[in-house]
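Just the heavy atoms: all of them, side chains too, but no hydrogens, waters or symmetry mates, feed the values below. For ligands, and for the atoms within them, numbers begin at 1 and follow the listed sequence.
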Amino acid sequence: MVIVMRPDATQEQINNISEYLKKLGLDVHISKGAEYTIIGIIGDKRLLGDTPLELMPGVEKTIPIAEPYKLVTKTFKPEPTVIDVRGHKVGGGTLTVIAGPCAVENKEQTIETAIAVKNAGAHMLRGGAYKPRTSPYSFQGLEEEGLKILAEAREITGLPIVSEVISPSSLETALKYLDVVQIGARNMQNFQLLREVGQARIPVILKRGISATIEEWLNAAEYIMSEGNYQIIMCERGIRTFETATRNTLDISAVPVLKSKTHLPVIVDPSHGTGKRDLVIPMSLAAIAAGADGIIVEVHRDPMHALSDGPQSLSHDDFAVLMKKITALYNAMEHVNGQY
Ligand code: PEP
Ligand code: MN
């Protein structure tokens with residue numbers, strides 16, 4: 001439920017309502033738009049009892065939120081969420097490019113790629129330390145050692161670091177090192193992990209589950225938000241369909257669909273979304289043209305010999321080309337970036 005205040009409502013009236021709701025044991029989120037102030041009510045609405053909210057001074061109307069996810073909707077918070085990662089803004093009209101290897105394999109490889117993507121203009125470094133591989137016999141990641149290497153790469157390049165967590169214990173370790181944690185597709189409905197990430201105060205990239213509907217994905221974001229962590233970046237990474245020409249079917253339409261439903265920033269992963277290097281640049285551009293706030297992309301110094309996801313990894317040179325094209329496109333779209 002949200003309360004829409006009249007355009008001429010005073011700050012005192014807004015404060016009075018907030019205080020009243022808090023006394024009932026509810027929490028509030030206030031969004032100030034150009035004309036209207038909206039008070040979002042958080043918590044069990046049964047606590048409201050028969051309170052005639054419409055009759056309180058300054059109130060124009062109340063709107064129930066029909067969706068099962070309440071906090072992630074634009075009804076609850078009409079203005080776009082902008083997430084600050086070490087000074088870089090994600091969402092709200094800024095391009096974000098996160099790049100790096102699928103997996104942290106060793107120090108030299110990670111640092112070499114970190115420097116290359118930084119020089120090409122990336123805003124953050126990615127690298128998997130806990131790898132949820134399809135086969136138990138594939139490389140599983142360096143775990144905490146990998147996180148330490150990422151932190152060293154941050155020291156050298158200044159790039160904020162992003163990596164996946166796969167369990168509550170990996171989260172606890174990761175919080176010591178990372179600027180952003182990633183929930184991978186395979187864990188999008190790991191509700192215990194979502195709750196624990198929700199209790200942390202760190203930005204989260206929430207990838208779409210391999211077979212998840214947009215509604216299930218938004219509900220996963222609600223799990224995180226309902227624990228108090230509002231810093232969520234939604235990441236489309238392709239879904240399972242009958243198509244076999246690509247690794248997954250990258251659902252570009254999810255970008256404008258999400259933008260119509262939520263205030264959260266949206267990025268796209270064209271690497272896992274296609275599984276094919278040649279498709280990464282075209283689909284990155286498609287994502288931006290569709291209104292995405294950025295991309296997360298795999299880059300390797302020697303894709304042929306990568307320990308994971310080589311066929312979809314860009315070389316350092318490929319990545320420099322991608323950066324040039326994506327920046328030109330984003331700048332050309334300046335008048336619409338960050339708009340819904
Ligand atoms: C990844 O980004 O390293 C990854 C494993 O992606 P996904 O969870 O989308 O498969
Ligand atoms: Mn990968």
**Student:** Do other residues, nucleotides or ligands put more than 12 heavy atoms under 6.0 Å from the CD atom of E227?
**Tutor:**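 Correct, the count exceeds 12.
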
**Student:** Provide the protein N, O or S atoms situated under 2.8 Å from the Mn ion (ligand 2); waters are not included.
**Tutor:**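 For the Mn ion (ligand 2), the protein N, O and S atoms that sit under 2.8 Å away are C102 SG, H272 NE2, E298 OE2, D309 OD2.
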
**Student:** Any side-chain heavy atom of E215 sitting closer than 4.5 Å to one from P68?
**Tutor:**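 Yes, their side chains come closer than 4.5 Å.
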
**Student:** With the side chain counted from C-beta on, respond yes when K276 and R247 share a heavy-atom pair under 4.5 Å apart, and no when they do not.
**Tutor:**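 Heavy-atom side-chain distance check fails, nothing below 4.5 Å.
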
**Student:** Go through H272 and D309 one step at a time and tell me if the side chain to side chain donor-acceptor pair (under 3.5 Å) criterion holds.
**Tutor:** CA-CA 8 Å; H272 296 90; D309 287 349; 3.0 Å; yes

**Student:** Do V59 and L53 come within less than 4.5 Å of each other through their side chains, counting heavy atoms only?
**Tutor:**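 Counting from C-beta outward, V59 and L53 never come under 4.5 Å.
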
**Student:** Tell me which one of T81, T73, T75 satisfies side-chain hydrogen bond (donor to acceptor under 3.5 Å, both in side chains) with H263.
**Tutor:**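 Answer after filtering T81, T73, T75: T81.
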
**Student:** Please output the residues near ligand 1 using a strict heavy-atom distance under 4.0 Å, listed in chain and residue-number order.
**Tutor:**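 The answer is R126, K131, E164, Q182, G184, A185, R186, K207, R237, H272, counting any residue whose heavy atom sits under 4.0 Å from ligand 1.
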
**Student:** Any ring pair (Phe, Tyr, Trp, His ring centres under 6.0 Å) pairs touching residues 52-93, not counting sequence neighbours?
**Tutor:**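 The answer is H29-F76, H88-H123.
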
**Student:** Taking only residues at least two apart or on different chains, which pairs with a member in residues 196-220 satisfy ring pair (Phe, Tyr, Trp, His ring centres under 6.0 Å)?
**Tutor:**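 Sorted result for residues 196-220: empty, none.
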
**Student:** Kindly indicate whether the side chain of S284, heavy atoms from C-beta on, has any atom under 4.5 Å from the side chain of V280.
**Tutor:**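 Answer yes - side chains close enough.
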
